[in-house]
Colleague: 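This is the structure I want to talk about, given as structure tokens.
Predicted model only: the values in this text are computed from it and were never measured.
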Amino acid sequence: MEDGLSSFWGPVTSIDWCEKNYVHSSYLAELFNTVSNIPGILLALIGLVNSLSRHFEKRFSVLHISNIILAIGSMLYHATLQQVTHQGDETPMVWEILLYIYILHSPDWHYRSTMPTFLFLYGAAFAILHSLVRFGIGFKIHYAILCLLCIPRMYKYYIHTEDVTAKRLLKLYVATVSLGSLCWLFDRLLCKKISQWYINPQGHALWHMLMGFSSYYANAFLMFCRAKQLGWNPKVVCFLGVLPYVKIQKPKTQ
């Protein structure tokens with residue numbers, strides 16, 4: 001890592017990563033960490049088109065859009081390495097996980113207006129507080145706790161899903177998020193050793209790409225489960241035999 005390099009954006013004021021700064025352009029602090037968000041944007045766009053064309057509930061369109069916003073925020077952060085863009089990356093992460101909590105728990109929530117209201121106020125309060133305070137490790141702990149709140153409900157959906165192809169979506173999610181987390185840790189904890197290698201494996205960039213796929217798989221699984229709850233006869237099919245997506249057949253009475 002290189003600290004405090006002057007560039008078009010000025011000295012580094014946020015957390016720096018293992019990719020060397022401003023090697024390829026004075027406008028991009030970390031080229032690989034910036035462009036590695038593009039696959040996530042493309043996958044979220046595919047999910048958004050599928051959600052809109054098949055008339056899924058608006059919550060899923062908002063979820064795919066939140067994935068896009070998060071990826072764009074990450075691009076701005078790694079392109080500039082400024083504290084304000086770092087906060088612009090972390091705040092959408094919290095908003096997105098709050099949306100996942102809503103989608104996972106709302107089908108069984110008896111008081112429909114209370115949970116979205118609480119989550120909205122929570123997200124707004126966090127955004128204001130985060131704009132004023134640097135959380136550091138506190139942010140990671142907070143985000144991890146929010147993620148842990150999703151696991152029991154995801155597991156419940158998994159064990160109650162009989163469709164093998166739908167179960168495979170969640171397995172792909174677990175595999176990609178686990179491998180991505182290892183890449184993140186590898187890049188963060190072993191940076192001094194990696195910096196001495198002839199080629200940097202760009203672990204943080206790999207994390208971005210794998211998280212783009214993991215979000216896509218998670219979204220598709222949740223769309224399948226929700227369609228099943230609504231009696232829309234969902235089925236997981238693959239585009240060109242590679243990319244899975246959810247196809248539905250709504251009852252004619254609807």
Side-chain angles (χ1 to χ4, degrees), residues 1-23 28-37 40 66-101 118-151 176-195 200-212 214-215 218:
M1 283 185 288
E2 299 174 18
D3 299 322
L5 277 179
S6 296
S7 68
F8 178 82
W9 303 107
V12 173
T13 59
S14 68
I15 296 176
D16 204 351
W17 298 89
C18 204
E19 181 179 355
K20 291 183 178 180
N21 301 333
Y22 301 105
V23 173
L28 293 176
E30 297 173 338
L31 175 65
F32 293 104
N33 286 346
T34 301
V35 301
S36 57
N37 287 283
S66 74
N67 292 153
I68 296 172
I69 293 173
L70 176 56
I72 292 173
S74 180
M75 292 181 75
L76 292 173
Y77 162 45
H78 288 287
T80 64
L81 291 181
Q82 298 298 298
Q83 179 61 27
V84 64
T85 54
H86 189 192
Q87 292 171 325
D89 174 39
E90 290 184 338
T91 297
M93 289 174 64
V94 171
W95 288 348
E96 182 185 58
I97 203 67
L98 292 175
L99 185 56
Y100 277 116
I101 291 173
F118 169 76
L119 293 176
F120 175 81
L121 293 175
Y122 188 96
F126 175 82
I128 295 171
L129 185 61
H130 194 29
S131 67
L132 302 172
V133 180
R134 289 192 181 192
F135 286 108
I137 189 64
F139 171 83
K140 296 178 179 62
I141 296 173
H142 172 243
Y143 185 74
I145 291 172
L146 293 178
C147 290
L148 289 174
L149 293 176
C150 296
I151 294 177
T176 49
V177 77
S178 299
L179 183 57
S181 298
L182 287 175
C183 290
W184 188 95
L185 288 171
F186 184 79
D187 183 86
R188 194 67 189 157
L189 300 179
L190 301 178
C191 182
K192 289 184 178 180
K193 292 184 178 180
I194 293 172
S195 300
N200 185 335
Q202 304 298 343
H204 197 76
L206 291 174
W207 147 264
H208 286 158
M209 290 188 287
L210 287 166
M211 291 306 293
S214 71
S215 296

Colleague: Mind telling me whether F139 and Y143 have parallel, tilted or perpendicular rings, with 30° and 60° as the class edges?
Modeller: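 Aromatic pair Y143/F139 classed parallel.
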Colleague: Flag the pair V12 / N21 as yes when at least one side-chain heavy-atom distance between them is below 4.5 Å, and no otherwise.
Modeller: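 Sidechains of N21 and V12: in contact.
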Colleague: For L148, what residues pass the side chain to side chain contact (heavy atoms under 4.5 Å, CB included) criterion, not counting sequence neighbours?
Modeller: I151
Colleague: After noting the C-alpha distance and the side-chain angles of I194 and F186, does the key distance pass the side chain to side chain contact (heavy atoms under 4.5 Å, CB included) rule?
Modeller: CA-CA 9 Å; I194 293 172; F186 184 79; 3.4 Å; yes
Colleague: For the side chain of S74 and the backbone of L70, is there at least one donor-acceptor N/O pair under 3.5 Å apart?
Modeller: no
Colleague: Please check if the side chain of T91 supplies one atom and the backbone of A127 the other of a donor-acceptor pair under 3.5 Å.
Modeller: no
Colleague: Excluding sequence neighbours, so at least two apart, what forms side chain to side chain contact (heavy atoms under 4.5 Å, CB included) with C150?
Modeller: I97, Y100, I101, L104
Colleague: State, yes or no, whether a side-chain contact exists between H204 and E30 at a heavy-atom distance under 4.5 Å.
Modeller: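 No, their side chains stay 4.5 Å or more apart.
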Colleague: Side chains of W17 and Y77: any donor to acceptor distance under 3.5 Å?
Modeller: yes
Colleague: Do Q82 and H86 come close enough that some side-chain heavy atom pair is under 4.5 Å?
Modeller: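 Q82 vs H86: side chains apart.
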Colleague: Using the rule given for side chain to side chain contact (heavy atoms under 4.5 Å, CB included), can you reason through V94 versus L146, listing the C-alpha separation, both sets of side-chain angles and the distance that settles it, and then say yes or no?
Modeller: CA-CA 8 Å; V94 171; L146 293 178; 4.0 Å; yes
Colleague: Sequence neighbours left out, what passes ring-ring contact (aromatic ring centres under 6.0 Å, His included) with F135? Give chain and number order.
Modeller: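 For F135, the residues satisfying ring-ring contact (aromatic ring centres under 6.0 Å, His included) (neighbours in sequence not counted) are F126, H130.
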Colleague: I want to check something: taking the side chain as every heavy atom from C-beta on, are L81 and D16 in contact at a cut-off of under 4.5 Å?
Modeller: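 Side chain of L81 against side chain of D16, heavy atoms only: contact under 4.5 Å found.
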Colleague: Could you walk me through whether K140 and I137 pass the side chain to side chain contact (heavy atoms under 4.5 Å, CB included) test, one step at a time?
Modeller: CA-CA 5 Å; K140 296 178 179 62; I137 189 64; 4.0 Å; yes
Colleague: Give a yes or no answer on whether the side chain of S215 reaches the backbone of G212 with a donor-acceptor pair at less than 3.5 Å.
Modeller: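 Not at all, since once roles are kept as given, no pair shorter than 3.5 Å links the two residues.
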Colleague: With distance as the sole test, does W95 use its side chain to make a donor-acceptor pair with the main-chain N or O of S66 at under 3.5 Å?
Modeller: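 No; judged by distance alone, with no hydrogens or angles, the pair does not exist.
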Colleague: Are N33 and M75 close enough, and set up right, to give a side chain to side chain contact (heavy atoms under 4.5 Å, CB included), and what steps lead you there?
Modeller: CA-CA 7 Å; N33 286 346; M75 292 181 75; over 6 Å; no
